[in-house]
Amino acid sequence: MRHILSLLLENEAGALSRVAGLFSARGYNIESLTVAPTEDPTLSRMTIVTNGSAEVMEQITKQLNKLVDVVKVFDLNEGRHLERELMLVKIRAENGAREEIKRTADIFRGRIVDVTDKTYTIELTGPRDKLDAFLEALDPLMILETVRTGASGIGRGDWIMRA
Amino acid sequence: MQLSGAEITIRCLEEEGVEYIFGYPGGAVLFIYDALFQQDKVKHILVRHEQAALHAADAYARATGRPGVALVTSGPGVTNAVTGIATAYMDSIPMVVISGQVPTAAIGLDAFQEVDTVGITRPCVKHNFLVKRVEDLAETMKKAFYVATTGRPGPVLVDIPKDISQQVTDFLYPAQIEMRSYNPVVKGHPGLIRQAVQMLLEARRPMVYAGGGVVLGEASELLTRLVRELGVPCTNTLMGLGAYPATDPQFVGMLGMHGTYEANLSMQHCDVLLAVGARFDDRVIGNTRHFFVEGRRIIHIDIDPSSISKRVRVDVPIVGDVREVLQEMLKLVAETPQRLDPVALKQWWHQIGEWRARDCMHYERSDTLIKPQFVVETLYQVTGGDAIITSDVGQHQMWAAQYYKFDKPRRWLNSGGLGTMGFGLPAAMGAQLAFPDQVVACITGEASIQMCIQELSTCKQYHLPVKIINLNNRYLGMVRQWQQILHGNRYSESYMDALPDFVKLAESYGHVGIRVENPADVEGALREAFALKDRVVFLDFMTDPTENVFPMVKAGQGLTEMLLGAEDL
Ligand SMILES: Cc1cc2nc3c(=O)[nH]c(=O)nc-3n(C[C@H](O)[C@H](O)[C@H](O)COP(=O)(O)OP(=O)(O)OC[C@H]3O[C@@H](n4cnc5c(N)ncnc54)[C@H](O)[C@@H]3O)c2cc1C
Ligand SMILES: Cc1ncc(C[n+]2csc(CCOP(=O)(O)OP(=O)(O)O)c2C)c(N)n1
Ligand SMILES: [Mg+2]
């Protein structure tokens with residue numbers, strides 16, 4: 001099953017490689033991983049999307065907690081949560097296709113952020129399946145380039161994750 | 001007071017009460033060696049290979065419970081040390097490793113003797129640090145000792161670039177340290193502890209399985225009290241030997257791949273299992289599916305949550321320090337008059353007695369060939385069972401574990417998790433330094449001993465009168481045994497050809513060498529060797545080359561699927 005893990009870790013050189021190294025050394029999957037400093041510059045917040053059985057997830061969580069640089073680990077699947085991903089797509093947009101692409105982007109609440117006479121670059125945020133659906137709605141031959149950040153997650157409501 | 005990074009490094013060791021540091025110099029650590037030279041509190045032991053520095057420091061820690069310290073230079077110094085670091089990591093041994101690094105400005109430029117030390121060692125340390133500012137050095141050293149020795153112990157490495165060891169700053173050693181990201185749990189959950197005690201008291205076929213965590217956590221006495229109070233059987237892992245006294249009637253021997261018949265059957269057929277500081281290793285519970293053919297409830301005490309329910313699902317997980325948890329359990333037991341059902345317990349012991357009667361440790365004696373088991377048994381008698389025994393890896397290691405009866409913890413020092421050949425001799429040096437008046441013997445094989453044989457020179461320099469018990473079967477015996485049993489007698493590259501004359505070799509290092517070829521001479525030779533209290537004696541026992549270690553559970557098989565002797569092959 002797919003799980004989305006939230007981590008707070010020391011914003012130190014090497015912390016990322018400890019986490020990434022743990023996943024490769026123990027043969028765990030990483031579907032995506034995002035990380036950036038928080039409002040407290042000594043801390044980073046990381047979101048990892050992974051998958052595994054309940055037993056594997058238990059080990060992943062325990063092993064992550066064991067890393068000295070990791071302050072907190074939470075499996076967002078255990079509560080209600082929000083998940084967002086940012087995607088930038090460069091699309092071939094010539095003559096007759098331009099209007100159609102713009103309409104499709106509007107339906108998905110995408111924004112055109114760059115234009116040439118042959119291309120559109122569209123920015124889209126949302127849960128993973130929305131981004132997937134947008135790509136599926138396009139003619140694959142039109143897609144020139146896609147860049148996705150991987151998911152970021154946060155718990156819903158009053159629940160907060162802090163050091 | 002302003003001190004250089006090098007001086008600070010040594011002062012930190014002093015503050016930590018470090019007695020010995022094991023190392024080898026080189027360009028990147030010249031300032032640190034200069035600082036060592038100018039003081040006399042921390043004594044340096046110059047080994048002959050960095051691997052040995054790590055093993056010696058590691059064994060110092062295993063023997064004393066205090067962290068071992070090693071110092072190596074950048075590049076090849078570090079790569080040579082990696083085997084020793086990984087050895088300590090797998091067995092959860094507290095160590096601080098200091099490595100030199102190229103100057104900060106040269107990092108990343110493929111500088112002379114540069115390796116990514118933090119990267120290379122990351123998977124085999126509990127934690128590591130690269131010191132980038134001299135102002136951070138003292139605090140980093142404090143953190144290193146704190147992390148290495150608390151929670152589940154392990155090696156911590158501090159990588160110090162050369163320029164950092166030269167720069168100066170004010171020295172202040174923090175008295176205490178707090179790390180928001182590192183807070184090992186010590187106290188066990190009271191509700192779970194209560195549940196565990198109740199479960200044990202209601203057991204009809206109880207079993208205690210204790211491992212290295214009991215030794216690491218200094219909890220042997222508490223464990224012994226609990227086991228005796230409840231009247232239940234106890235087994236130890238290879239790493240746990242000595243945690244429960246081996247000569248006690250409630251001890252059923254080591255369990256696992258080369259464990260006793262009675263220990264393995266008791267594990268399989270118990271109805272309540274108390275696992276204490278043991279991690280259900282694959283050499284202990286070979287095949288977990290086979291293990292669960294029998295139903296039993298499992299209580300597991302471990303300081304590391306990730307050791308719990310890793311290979312084997314447990315019913316009562318207790319995360320905490322084994323001392324704290326056992327103390328709480330003993331308190332609860334003392335508070336209740338309830339004890340285990342005496343009839344059921346008697347039946348259980350009766351059953352165990354039947355398993356014991358198989359006498360699985362029996363071996364064929366011989367008047368002509370020296371049986372390795374016989375050497376260990378005789379060593380046990382000659383040393384009164386009270387020596388510190390180190391070992392290498394192979395058949396000799398298993399015979400040492402099976403036939404030397406350890407009644408106390410920290411007397412049996414071996415590489416269990418990584419299984420590092422070459423560990424034995426440097427380990428004996430570390431133990432001898434820690435306990436100069438103790439008898440220290442290294443049980444080894446002709447192959448293993450050659451992996452760190454150069455340390456005979458270190459023994460000479462520092463007058464470390466260790467005794468080497470070489471069970472010389474002219475084979476990579478453990479490999480040969482697997483080839484015989486699992487690979488159709490095809491002995492691929494497992495014969496040790498062109499062996500040196502170990503007697504002459506020992507003599508050339510300035511030691512005493514004795515070759516023993518007859519069973520009748522075994523005891524005399526041992527007595528002669530141990531009478532030479534201040535000399536290294538290399539005893540080269542020419543043992544039966546075809547002897548195998550039994551019982552044996554083949555890898556991947558169930559605990560009870562044991563080969564008991566040659567007749568089972
Ligand atoms: C050739 C060969 C053959 C082998 N055959 C066998 C065999 O037949 N039988 C056998 O048992 N082993 C055997 N081994 C060793 C095996 O590979 C493992 O090293 C060993 O079984 C692990 O022992 P352990 O479970 O006690 O764990 P250890 O590695 O000693 O781990 C200690 C556990 O205790 C925990 N701990 C540490 N400190 C504390 C504390 N203060 N409080 C609570 N918990 C703590 C740790 O978190 C860890 O989980 C063999 C090795 C070799 C090389
Ligand atoms: C560094 C290292 N290389 C290889 C092995 C694999 N190995 C395990 S036991 C063994 C043979 C050891 O031979 P010896 O020291 O003579 O001991 P014996 O089994 O004969 O008693 C080998 C090669 C190992 N454990 N460590
Ligand atoms: Mg051999």
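A note on names: the letters A, B, ... follow the listed sequences, proteins ahead of strands, and every chain is numbered from 1. Because the structure is a prediction, the values reported are computed rather than measured. Below, each value reflects all heavy atoms present in this structure, side chains not excepted, and no hydrogens, waters or symmetry copies.
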Under 4.5 Å heavy-atom distance to chain A, tell me which part of B/R122 shows up: side chain, backbone, both or neither. side chain
If one checks every heavy atom of A/T42 against chain B at 4.5 Å, the contacting part turns out to be both
Can you tell which part of B/P123 gets under 4.5 Å to a heavy atom of chain A, answering side chain, backbone, both or neither? neither
In terms of heavy-atom pairs under 4.5 Å with chain A, which of B/K126, B/K132, B/R180 leads? B/R180
Going by atom types alone, do B/E16 and B/Y173 pair a side-chain donor with an acceptor below 3.5 Å? yes
Measuring heavy-atom distances to chain A, does B/K143 have an atom under 4.5 Å in its side chain, in its backbone, in both, or in neither? neither
With only heavy atoms counted, which part of A/E12 is less than 4.5 Å from chain B, the side chain, the backbone, both or neither? neither
Under 4.5 Å from any heavy atom of chain B, what part of A/V70 do you find: side chain, backbone, both or neither? backbone
NZ or CZ of B/R313 within 45° of B/F280 ring axis and under 6.0 Å: no
Of the backbone (N, CA, C, O) and the side chain (C-beta and beyond), which part of B/L130 lies under 4.5 Å from a heavy atom of chain A, both, or neither? neither
Using a cut-off of 6.0 Å, state whether more than 12 heavy atoms not belonging to A/K62 lie near its atom NZ. yes
Which one of B/V147, B/N183, B/N128 has the most heavy-atom pairs closer than 4.5 Å to chain A? B/N128
From the list B/T83, B/T87, B/D91, side chain to side chain donor-acceptor pair (under 3.5 Å) partner of B/T420 resolves to B/T87
B/D302 and B/G277 have their tightest heavy-atom pair at OD2-CA, 4.1 Å
Heavy atoms from other residues, nucleotides or ligands near CZ of A/R103 exceed 12 (cutoff 6.0 Å): yes
On the 0 to 90° scale, with breaks at 30° and 60°, tag the A/F134-A/F108 ring pair as parallel, tilted or perpendicular. perpendicular
